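Some notes on the structure that comes next.
These numbers come from a predicted model, not from an experiment. Numbers restart at 1 for each chain; the letters A, B, ... are given by sequence-line order, proteins then strands.
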2 protein chains.
Amino acid sequence: MRPKDLEKEEAIRAIALKIIAEEGLENLSMQKLAKEANISPRTIYIKYENKEDLLIKLFIDEVLGTYEKAVLEGFDEAMDFETGVRKMWLNTFRYFKSNRQAYVLMQYGKSSPLLNKAFKERNIKEGQFFAPVHRFLKQNAKARIIKNFPNEVHRALIFSPLLDLINEYFEYKDRPKQIITEKVILECCEAIIKGIKL
Amino acid sequence: MRPKDLEKEEAIRAIALKIIAEEGLENLSMQKLAKEANISPRTIYIKYENKEDLLIKLFIDEVLGTYEKAVLEGFDEAMDFETGVRKMWLNTFRYFKSNRQAYVLMQYGKSSPLLNKAFKERNIKEGQFFAPVHRFLKQNAKARIIKNFPNEVHRALIFSPLLDLINEYFEYKDRPKQIITEKVILECCEAIIKGIKL
DNA sequence: TTTTTAAGTAAACAAACGTTTACTTACTTA
DNA sequence: TAAGTAAGTAAACGTTTGTTTACTTAAAAA
């Protein structure tokens with residue numbers, strides 16, 4: 001049997017992400033994707049059921065899965081609060097800095113009903129994404145180190161400013177002066193920690 | 001001359017927002033929109049140049065323009081920092097609470113290259129959106145009331161957690177218990193203020 | 001009341017869409 | 001080395017896309 005060409009599989013994913021980041025999710029078509037990857041449209045259907053399946057797998061596995069790994073690298077839920085948050089902030093910043101395409105699709109995941117639904121279903125079926133982070137926050141709330149908010153609120157307070165700052169980083173990428181440096185990120189991290197601590 | 005039917009114009013906008021919020025920007029088509037609005041596709045082209053023009057005007061005028069008005073209602077850039085931020089947080093929360101469709105399209109604006117570009121061009125052509133807020137932040141930084149970050153950083157720190165919390169509000173809207181109440185929003189606002197103040 | 005004119009419609013356009021059919025290629029295994 | 005088989009291709013399927021053409025409607029202006 002002829003084996004699957006992994007290079008082609010990778011090309012499909014890479015070029016799909018590229019089109020989404022450069023032209024938008026609403027302008028990704030199977031034919032355009034096939035053409036840019038120099039393959040037949042049929043080939044995509046060997047690897048993915050249909051367009052929705054491709055988008056969902058890109059979003060869940062390629063984007064969120066890879067991001068989860070990156071955030072948790074060197075993180076331990078037993079770390080003290082400040083160290084843990086700083087670690088995750090730096091991991092997130094460094095990961096997305098060199099993965100803008102993943103960042104864009106992740107952002108689309110917050111708007112697109114299809115990706116939203118897929119995210120919820122995946123959390124139910126295979127356990128929550130970022131589970132160690134959830135436990136970390138719960139522990140610290142229980143230990144009265146941080147304010148006693150629901151986990152979703154903690155997540156919003158701690159991580160959404162960071163994701164917004166990463167967007168600003170991309171805005172300044174091709175300009176003479178980058179204002180979002182690692183130093184600024186760490187200063188912002190301190191501000192967030194100060195705000196959330198009891 | 002036969003006058004433009006304003007009800008039809010309003011229907012186009014309302015139903016476009018509805019489709020975007022329920023099925024996603026990537027599933028909005030002119031024919032679907034016309035059908036659901038009970039008009040001919042041609043009628044849309046009397047009021048808008050093309051699909052992109054419709055999307056951009058929806059995003060800039062209907063969503064951002066209306067949101068800007070709502071945020072600034074009762075806000076004065078001369079307010080002291082805490083009062084001003086609290087005012088804007090409550091205005092934002094109350095506005096989007098009853099305008100989920102506007103919220104969804106605003107979120108799409110952070111991903112979609114088309115809307116992103118339109119936003120930047122509009123800021124250059126007609127002056128920045130949320131200009132009073134920018135001046136408010138600059139003043140407070142200059143007066144050493146808050147940390148001396150670039151304005152974009154202040155904006156990320158202060159407003160992105162709020163927008164994320166509004167998303168959580170919608171997630172809990174049809175569940176037995178709403179966790180994102182006005183009380184929680186105000187507590188989060190205090191946390192943010194505490195973090196950013198010098 | 002009649003004329004004028006833009007608003008609005010129904011139907012259609014070519015192009016692009018997601019997907020499939022019919023066929024060829026290339027690698028495994030017997 | 002030959003047979004078997006899934007991977008891969010080129011071309012096409014029927015639909016839907018954004019947009020336009022040709023026509024009708026309705027209200028302001030004369």
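Contact check, K47(A) against dG8(D): a side-chain N or O comes under 4.0 Å of OP1 or OP2.
Residues that satisfy the salt bridge (Lys or Arg N to Asp or Glu O under 4.0 Å) test with E52(A), not counting sequence neighbours, are absent from this structure. Looking at residues two or more places apart in sequence or on another chain, you find a salt bridge (Lys or Arg N to Asp or Glu O under 4.0 Å) between R94(A) and E182(A).
Residue side chain S29(A) does not reach the base of dA16(C) through any donor-acceptor N/O pair under 3.5 Å, judged by distance alone.
Rounded to whole Å, atom C1' of dT19(D) lies 12 Å from atom NZ of K51(B). Remark: C1' of dT17(D) and CG of L54(B) are 15 Å apart, rounded to the nearest angstrom. Rounding to whole angstrom units, CE of residue M30(A) and P of dT19(C) are separated by 6 Å. Rounded to whole Å, the distance from CG on L28(A) to C1' on dA16(C) is 14 Å. Rounded to a whole Å, the CG atom of N27(A) is 12 Å from the C1' atom of dT17(D). What separates OH of Y45(A) from P of dT21(C) is a distance of 13 Å, to the nearest Å. The distance from atom CD of E26(A) to atom P of dG18(D) is 12 Å, rounded to the nearest whole Å. The distance between atom CD1 of I12(B) and atom C1' of dA7(C), rounded to the nearest whole Å, is 11 Å.
Within a 6.0 Å sphere centred on CD of E121(B), other residues, nucleotides and ligands contribute more than 12 heavy atoms.
Among the nucleotides dT19(C), dT19(D), dA7(D), the one closest to any side-chain atom of I46(A) is dA7(D). The side chain of Q31(B) lies closest to dA12(C) when the candidates are dT20(C), dA12(C), dG8(D). Of the candidates dA11(D), dG8(C), dT19(D), dG8(C) carries the atom nearest the T43(B) side chain, counting heavy atoms from C-beta on. With dG8(C), dT9(D), dT20(D) as the candidates, the nucleotide lying closest to the side chain of I39(A) is dT9(D).
Looking at heavy-atom distances under 4.0 Å, L33(B) makes no contact with the nucleic acid at all. Here I44(A) lies out of heavy-atom contact (under 4.0 Å) with every strand. Using a 4.0 Å heavy-atom criterion, one finds that K35(A) contacts no nucleic acid atom at all.
Residue N38(B) is the one, among N50(A) and N38(B), whose nearest nucleotide of DNA chain C lies closer to the 5' end (criterion: closest heavy atom). Where E52(B) and K8(A) meet DNA chain D, the nucleotide closest to each residue was compared, and K8(A) sits on the side nearer the 5' end.
I179(B) and L90(B) fall into different hydrophobic clusters, where Ile, Leu, Val, Met, Phe, Trp and Tyr side chains are chained together by heavy-atom contacts under 4.5 Å.
Between the side chains of Q107(A) and Y108(B), not a single donor N or O lies within less than 3.5 Å of an accepting N or O.
Nucleotide dT28(C) forms a Watson-Crick or G-U wobble pair with dA3(D), both donor-acceptor distances falling under 3.5 Å.
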